[in-house]
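Quick notes on the structure that follows.
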Amino acid sequence: MIERFQRLLHRVAGRGRLAWRRVEAATHRVWWTGPRIVVAAVLGLAALVASADYATLPPHLPGYRATVAGWKPSEAWLYDRNGRLLDSARVDYQARRLAWTPLAHVAPAAADALVSAEDRRFRDHAGIDWLAILGSVRDRIEGKRARGASTLSMQVAAYLSPDLAAPGSRGLLDKLRQMRAGAALERSWNKDQILEAYLNLAGFRGEAQGIGAAALGLFGKTPDALTRDDGLLLAALLPNPAAGAGEVSRRACALSHDADCARFSGMAASMLGPARSLALDPGLAMHLSNRLLTRPGLKVATTIDIDIQQMAIRALRRQLQGLGGTRARDGAVIVADTATGEILAWVGGIGGASTAPSVDGAASYRQAGSTLKPFLYAEAIEKGYLTPASILDDSPVQLDTASGLYVPQNYDHAFKGPVSARAALAGSLNVPAVRTLLLTGVEAFRDRLWDTGYRGLTESGDYYGYSLALGSAEVTLLEQVAAYRSLAQGGMWAPLRVRQDDPRQPPRRTTTPQAAWLVADMLADPNARAGTFGMDSALRLPFWAAVKTGTSKAMRDNWCVGFTDRYTVGVWVGNLEGDPMRAVSGTSGAAPVWRDVMMALHADRPGKAPPRPDGIEARDIRFAGNIEQPRREYFLAGTAMTRIATAPASARRPRIVSPVSGSVYAVDPDIPIERQRMALSVSGEVIGHRLQLDGRDAGAADSRPMVLAGPGRHRLRLIAPGGRVVDQVMFTVR
């Protein structure tokens, strides 16, 4: 019995050991195989998470300060000397962006309307609006049109990193990436900074980017003047910036939750109507802004005074409107501070009837006319060739030049005979100026003008010839004002300054203080100019002012440039296309503008004559033969005289005046030959002298004989009583 029980236990124990070995083997298999599956599962899950994290990794976003500092507006701005806006210019044409607008400069009502429309829980979430996301998911499940769930933070992140909103970036991973970017932005920016960036980065209509451009372009307002309704209309544009007025008004009505929305229809039509003028941009210096505003975001502080700029514009506009577009269409004004050389007004034109309104008349090269004469007389006085009382002969003259016969004429085609240098300059007589140029030399005068800042004279003196005395060279109004200011500064020239950061260049001497003072005194003498302009012309002011007018060939340009101790003013009137003006003279074109500007500038204090420098002495003088009235005259020290007389005829060398040697005359077959006789003229003491034409006697030299010369080359001789040939000329008849 006992043995049987023992055998049974043995069998049970054997089976147990087998089972145990089987369990042990199974356990061994599970122990080594199970961890592999778990690890693989964990590793797979980790890889999946890492891949998803990498795929939705947000880009690096700049900070708020870096974003504001990196903002590049499409505009540049021009400011006057006191920081007031003069003008602005569009420089970048890819988008219309104004300066960065701080949130404090945006009307709160408009900002709230935009926030309410785009992200009404903006102040409550941390960059991700989960309620909006759940609502969007529900709408998709129910088959409805899904509402937008992008927060302002997510949109700003997309503006800062454009690849977040690139075409095709609407998948789940892209949305997760945008969400993470919005959350990341919230961690480094505060809510006001995010809202401010959104208002500046959002595109509202066409090329208008930012609330600054949108407010000015769509409403003609600054952002701080926007109303709640304006904000609703801007919000209505955001989903579709190209929407029509009807769609915008319906969307604005829905956003407003107002019962009466009738007002939005007209407001939307007005907002989206013809482009508004940026009324808050003064537009006072278009030509100067085109010159200085060269890159986006540039802010240029100038020396311009906005009050003087506006005054000069009004004076020029009034004159051009009075003349009418059929007589003169364009004009320009430059006002400079005589002491500092700072430009206080730069008016390149006013538009109006102009056919070239974008051309800067102040910087355009035009023929100078008589405005170069003061520098010619200054050179002659400086070298001792002339004094203000010297007598010059204002009578017909013909000069033989390489290009032909040069016959200068006065403005009124009349001649005054012997005149003083003072009267010749103040009265702008042409023939005396040409005779003065014969004294100084053309090349020397050309060099003097170059030294005085006239950079249009790029040719040699021979190129311009004697006409240089009458202003055949081309100059700009800017050069004119700088040159005339040098006379006011005692012969010291320096370039004018228009930017506040322009370097101050040391002045250089172009003429002596004495010559500059004498010329200024001559230009300020109303009695000296009375013979040409009368006693009551636009050039006469109730205070001391030196002034010179000029008119170029064929009446294409009219100038008036002058100075006082405080201001130097230059005015040009003409047609920029180069066609002649009609019925516009030296005192009816530019001079009235010059007078109006000078009177306004000196309303508080009249101009004063400059102090007389050392080396100048005064004398009471009289003219023999009453050529001019007795007066008090000024001279360089050592050159003064009290009685002025012209040289008697007996003191002049007898010579043939007409015809000029080398001249060519043509016989007109349609005019009777007897009516084509030529007058022979001589000068000097010629009593007893005879004229010979081709060896035959032509008559007494002082009788102005009329001769008929046939085709061919001819020789005319002046014969003294003893038979000596005093002068001879050669001329040709064809």
Side-chain angles (χ1 to χ4, degrees), residues 81 288 302-305 307-309 311-313 315-316 331-348 361-363 368-375 378 449 452-454 475-498 502 504-505 507-511 513 515-524 538-541 543-550 559-573 590-611:
R81 64 194 302 114
L288 186 59
T302 70
T303 60
I304 301 294
D305 186 310
D307 297 324
I308 297 177
Q309 179 82 2
M311 177 268 294
I313 290 172
L316 181 59
V333 181
I334 292 285
V335 178
D337 186 303
T338 297
T340 66
E342 294 178 345
I343 296 177
L344 304 176
W346 181 312
V347 183
S370 295
T371 55
L372 302 182
K373 290 176 182 175
F375 309 99
L449 292 174
T452 314
Y454 288 107
V475 301
T476 70
L477 184 61
L478 194 65
E479 293 173 346
Q480 295 271 51
V481 173
Y484 274 74
R485 175 180 171 262
S486 73
L487 294 175
Q489 291 294 102
M492 300 296 290
W493 181 92
L496 302 178
R497 298 173 59 249
V498 72
D502 282 342
R504 295 180 181 272
Q505 298 186 21
R508 65 169 182 266
R509 180 161 298 285
T510 58
T511 190
W517 187 90
L518 287 172
V519 167
D521 184 69
M522 294 157 71
L523 294 175
L539 304 178
R540 183 160 190 167
L541 302 181
F543 48 83
W544 189 95
V547 60
K548 185 72 186 71
T549 62
W559 306 84
C560 188
V561 192
F563 56 87
T564 67
D565 59 320
R566 297 170 63 192
Y567 302 102
T568 305
V569 178
V571 180
W572 169 82
V573 168
V593 182
W594 180 85
R595 176 185 175 85
D596 289 348
V597 171
M598 277 294 194
M599 291 294 289
L601 289 172
H602 295 84
D604 59 334
R605 179 168 65 85
K608 297 185 297 183

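- With values rounded to the nearest 0.5 angstrom, K548 atom NZ is found 11.0 Å from M522 atom CE.
- Note that the CG atom of L601 and the CG atom of D307 stand 11.0 Å from one another [nearest 0.5 Å].
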Validation: residues 332-343 side-chain donor-acceptor distances under 3.5 Å, sequence neighbours left out:
| residue | atom | partner | partner atom | Å |
| --- | --- | --- | --- | --- |
| D337 | OD1 | A339 | N | 2.9 |
| D337 | OD1 | T340 | N | 3.1 |
| T338 | OG1 | T564 | O | 3.3 |
| T338 | OG1 | Y567 | N | 3.1 |
| T338 | OG1 | Y567 | O | 3.2 |
| T338 | OG1 | T568 | N | 3.2 |
| T338 | OG1 | T568 | OG1 | 3.0 |
| T340 | OG1 | E342 | N | 3.2 |
| E342 | OE1 | R81 | NH1 | 3.4 |
| E342 | OE1 | R81 | NH2 | 2.8 |
| E342 | OE2 | R497 | NH1 | 3.1 |
| E342 | OE2 | R504 | NH2 | 3.3 |

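- Contact of the P374 side chain with the Y484 side chain is registered, since non-hydrogen atoms from C-beta on lie closer than 4.5 Å.
- Residues W559 and T549 fail the side-chain proximity criterion, which asks for heavy atoms closer than 4.5 Å.
- Across all their heavy atoms, M311 and V597 have their closest contact at SD-CA, 3.8 Å.
- When all heavy atoms of A312 and V347 are compared, the pair lying nearest together is CB-CG2, 3.9 Å.
- Side-chain atoms of R485 and L496, non-hydrogen and from C-beta on, do get closer than 4.5 Å to each other.
- The shortest distance between side-chain heavy atoms of V547 and C560 falls below 4.5 Å.
- Shown here are the ring-ring contact (aromatic ring centres under 6.0 Å, His included) partners of W594, two or more places apart in sequence or in another chain: there are none.
- Here CD of Q489 is found 9.5 Å from CZ of F563. Values are rounded to the nearest 0.5 Å.
- Between W493 and G453, the closest heavy-atom pair is CZ2-CA, 3.7 Å.
- Using a 4.5 Å cut-off on side-chain heavy atoms (C-beta onward), L372 and Y454 make contact.
- Side chains of L487 and F375 form a contact here, defined as non-hydrogen atoms less than 4.5 Å apart.
- Two residues are said to be in side-chain contact when any heavy atoms from C-beta on lie closer than 4.5 Å; M492 and T510 fail this criterion.
- The distance from atom CD of E479 to atom OG1 of T371, rounded to the nearest 0.5 Å, is 10.5 Å.
- The closest donor-acceptor contact from the side chain of D565 to the backbone of K608 lies under 3.5 Å.
- Contact check for I304 versus V498: side-chain heavy atoms found under the 4.5 Å cut-off.
- Distance check: R605 CZ to R566 CZ gives 4.0 Å after rounding to the nearest 0.5 Å.
- Listed here is the closest heavy atom pair of W517 and P610: NE1-O, 3.3 Å.
- Closest approach of G361 and L477 over heavy atoms only: O-CB, 4.5 Å.
- Residue T452 comes nearest to S486 through the heavy atom pair CG2-OG, 3.9 Å, listed as atom of the first residue, atom of the second, then distance.
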